[in-house]
Amino acid sequence: MEKLFFGCMVFAACGTPISSSGFKGDTGAPALGSGDADADADADADADADGDFMPTVSFAQALCESGPPAMWVFSATASDPQGLGSLNPDGWVDVRKDDVSLTVLPLGLDEASQRFEGSFDPDTVGVACADAAEHAFWFTVADADGHVSEPFMVSGEMD
């Protein structure tokens, strides 16, 4: 039993030391200290060039409310492996038809609901409510380090 205990103590003592450069847990938070500890052009100490730290859009909706007045309502939820606080407060939706971009519209993060939202009249969107299903809407967000999500595509809907 003493040999097993001694072996466990030796193993624990050989782990990664905590040094004056700080300790970084698995939260994606930067290590204590300053600068870019991994030289990958961002301000944190994680090696995120492999895409493991890209935000992800998990839900999106492009709904045209027929009114009056008619109004397009865009909504999306997203997450970021580095935490919700690392998402940029701005996202965007790319309005497309036949794989051609017609316009790109801004979305703002509503902190209370944690949704990216935007409302626009059909003239601004360039799509009448009656033509909603003929168009694709690609939602995209970014994080504070400049990582951009893959576009999340939905078809337009009319209420």
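What you see is a predicted model, and the numbers here were worked out from it, not measured in a lab.
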Considering only heavy atoms from C-beta outward, does the side chain of Leu109 approach that of Asp90 to under 4.5 Å?
no

Got a sec, which residues hit side-chain contact (heavy atoms from CB on, under 4.5 Å) with Glu134, two or more places apart in sequence or on another chain?
Lys97, Asp131

Between Leu107 and Leu102, is there a shared hydrophobic cluster once you connect ILVMFWY residues whose side-chain heavy atoms come closer than 4.5 Å?
yes

Does a side chain donor of either Thr56 or Ser149 reach within less than 3.5 Å of an acceptor in the other side chain?
no

Report yes if some heavy atom in the side chain of Val57 is under 4.5 Å from a heavy atom in the side chain of Val141; otherwise report no.
yes

Mind checking the OG1-CE spacing from Thr124 to Met71? Nearest 0.5 Å is all I need.
8.5 Å

Tell me whether Asp110 contacts the main-chain N or O of Gln114 through its side chain, where contact means a donor paired with an acceptor under 3.5 Å.
no

Between Asp94 and Ser101, does any side-chain donor sit less than 3.5 Å from a side-chain acceptor?
yes

Working note: Ser86 + Asp145, criterion side-chain contact (heavy atoms from CB on, under 4.5 Å); need CA distance, chi angles, decisive distance, verdict.
CA-CA 8 Å; Ser86 68; Asp145 284 336; over 6 Å; no

Cluster check Leu63, Phe120: I/L/V/M/F/W/Y, side chain < 4.5 angstrom:
no

Can you confirm whether or not the ring centre of Phe139 sits under 6.0 Å from the ring centre of Phe116?
no

If you round to the nearest 0.5 Å, how far is CE of Met153 from CZ of Phe137?
11.0 Å

Ser75 and Arg115: side-chain donor and acceptor closer than 3.5 Å?
yes

Backbone of Asp80 reached by a side-chain donor or acceptor of Asp143 within 3.5 Å
no

Asp159 versus Ser66: any side-chain heavy-atom pair under 4.5 Å?
yes

Within a strict 4.5 Å, meaning less than it, do heavy atoms of the His147 and Gln82 side chains meet?
yes

Treat each ILVMFWY residue as a node, draw an edge where side-chain heavy atoms are under 4.5 Å apart, and state whether Phe152 and Leu84 are in one component.
yes

Rounded to the nearest 0.5 Å, the CD atom of Gln61 sits from the OG1 atom of Thr77 at a distance of 11.0 Å

Could you tell me which residues satisfy side-chain contact (heavy atoms from CB on, under 4.5 Å) with Ala132, sequence neighbours excluded, listed by chain and number?
Trp72, Met158

Work out which heavy atom in Pro122 is nearest to a heavy atom in Ala70; give both atom names and the distance.
CD-O, 3.5 Å

Donor-acceptor pair, distance only, cut-off 3.5 Å: does the side chain of Asp98 make one with the backbone of Val100?
no

Minimum side-chain heavy-atom gap Pro151-Trp92 below 4.5 Å
no

Roughly how far, to the nearest 0.5 Å, is the CH2 atom of Trp138 from the CG atom of Asp99?
5.0 Å

Can you tell me how far CD of Glu111 sits from CG of Leu87, rounded to the nearest 0.5 angstrom?
10.5 Å

